[in-house]
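Quick notes on the structure that follows.
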Amino acid sequence: MQTNEFKQEVLPLSKSMLRFAALFLKDSDASQDIVQEVFLKLWQIKDELDHVDNLKAFVTRMVRNKCLDHIRAGKKWVIRDTLEQKAIELADEYDRVEWSETSSRIRVLISKLPEQQQTVMYLRDIEQNEYDEIEDITGLNANAIRVNLSRARKKVRDELLKTWNHESEHSKDITAKIL
């Protein structure tokens with residue numbers, strides 16, 4: 001692709017790229033950075049763009065992937081901030097400590113999920129995106145999103161319950177040994 005073709009075919013996509021990135025990130029500065037990174041990458045591979053059948057879909061997929069990379073890089077902080085905010089809202093010191101420990105366990109459990117389940121759970125439960133927004137972001141259909149979300153929630157819930165049950169049994173054993 002020649003420079004003039006690049007200017008005519010790729011540059012006009014900038015507004016839709018920016019809107020799409022903003023949908024993901026909810027941060028205009030980060031969205032602009034993502035779009036600039038994608039433009040740079042497109043410029044670097046401009047000679048190969050002649051072989052792309054649907055340029056708009058190709059560019060949108062690049063923006064999506066860059067946004068997901070950005071989310072993955074910072075998601076631990078976002079999840080921690082969201083969970084810890086809940087802990088701050090609790091008035092009782094005991095509740096705060098309990099919630100903080102639970103939120104730490106939840107973060108660890110989420111990080112152990114398969115990547116697709118992590119992404120769907122993050123977008124739905126942390127970012128509070130609607131299913132149609134998640135479809136646009138991930139490229140999954142609504143049923144696949146629901147299945148992944150259900151499985152992710154079940155795994156986190158089951159593992160959390162196992163941990164609590166184990167601790168309860170451990171506490172009973174210690175109490176029995178002491179008394």
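Between Leu49 and Glu9 the shortest side-chain heavy-atom distance does not fall below 4.5 Å. Looking at Lys56 and Leu13, their side chains come closer than 4.5 Å, going by heavy atoms from C-beta outward. Counting heavy atoms from C-beta on, the side chains of Gln116 and Thr138 never come closer than 4.5 Å. Looking at heavy atoms from C-beta onward, Glu130 lies out of side-chain contact with Ile134 at the 4.5 angstrom threshold. Using a 4.5 Å heavy-atom threshold, the side chains of Gln36 and Met17 count as separate. Within the 4.5 Å cutoff, the side chain of Leu149 has heavy atoms near those of the Asp125 side chain. Looking at Lys155 and Lys112, their side chains never come closer than 4.5 Å, going by heavy atoms from C-beta outward.
Annotation: ring-ring contact (aromatic ring centres under 6.0 Å, His included) contacts of Phe6 (sequence neighbours excluded): Trp43.
Formation of a donor-acceptor pair under 3.5 Å by the Gln118 side chain with backbone atoms of Ser111 is found in this model. Checked by atom type and distance alone, the side chain of Glu5 pairs as donor or acceptor with a backbone atom of Gln2 at under 3.5 Å.
Ion pair Lys66/Asp33 not flagged as a salt bridge, since none of the NZ, NE, NH1 or NH2 atoms sits closer than 4.0 Å to an Asp/Glu carboxylate oxygen.
Stacking of Arg64 on the aromatic ring of Phe20 is not recorded, the 6.0 Å distance cut-off and the 45° axial limit not both being met.
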Point to revise | side-chain contact (heavy atoms from CB on, under 4.5 Å) between Arg153 and Gln117, intermediate numbers included | key: CA-CA 9 Å; Arg153 287 175 176 166; Gln117 290 179 5; over 6 Å; no
Exercise for review: Evaluate the side-chain contact (heavy atoms from CB on, under 4.5 Å) criterion for residues Leu160 and Arg105: first the C-alpha distance (whole Å), next the side-chain angles of each, then the deciding distance (0.1 Å), finally the verdict.
Suggested key: CA-CA 7 Å; Leu160 196 57; Arg105 287 183 185 146; 4.0 Å; yes
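Checked against Val38 for a side-chain contact (heavy atoms from CB on, under 4.5 Å), the options Leu42, Val35, Leu40 give a single hit: Leu42.
Here the NZ-CG distance, from Lys15 to Leu11, works out to 12.5 Å after rounding to the nearest 0.5 Å.
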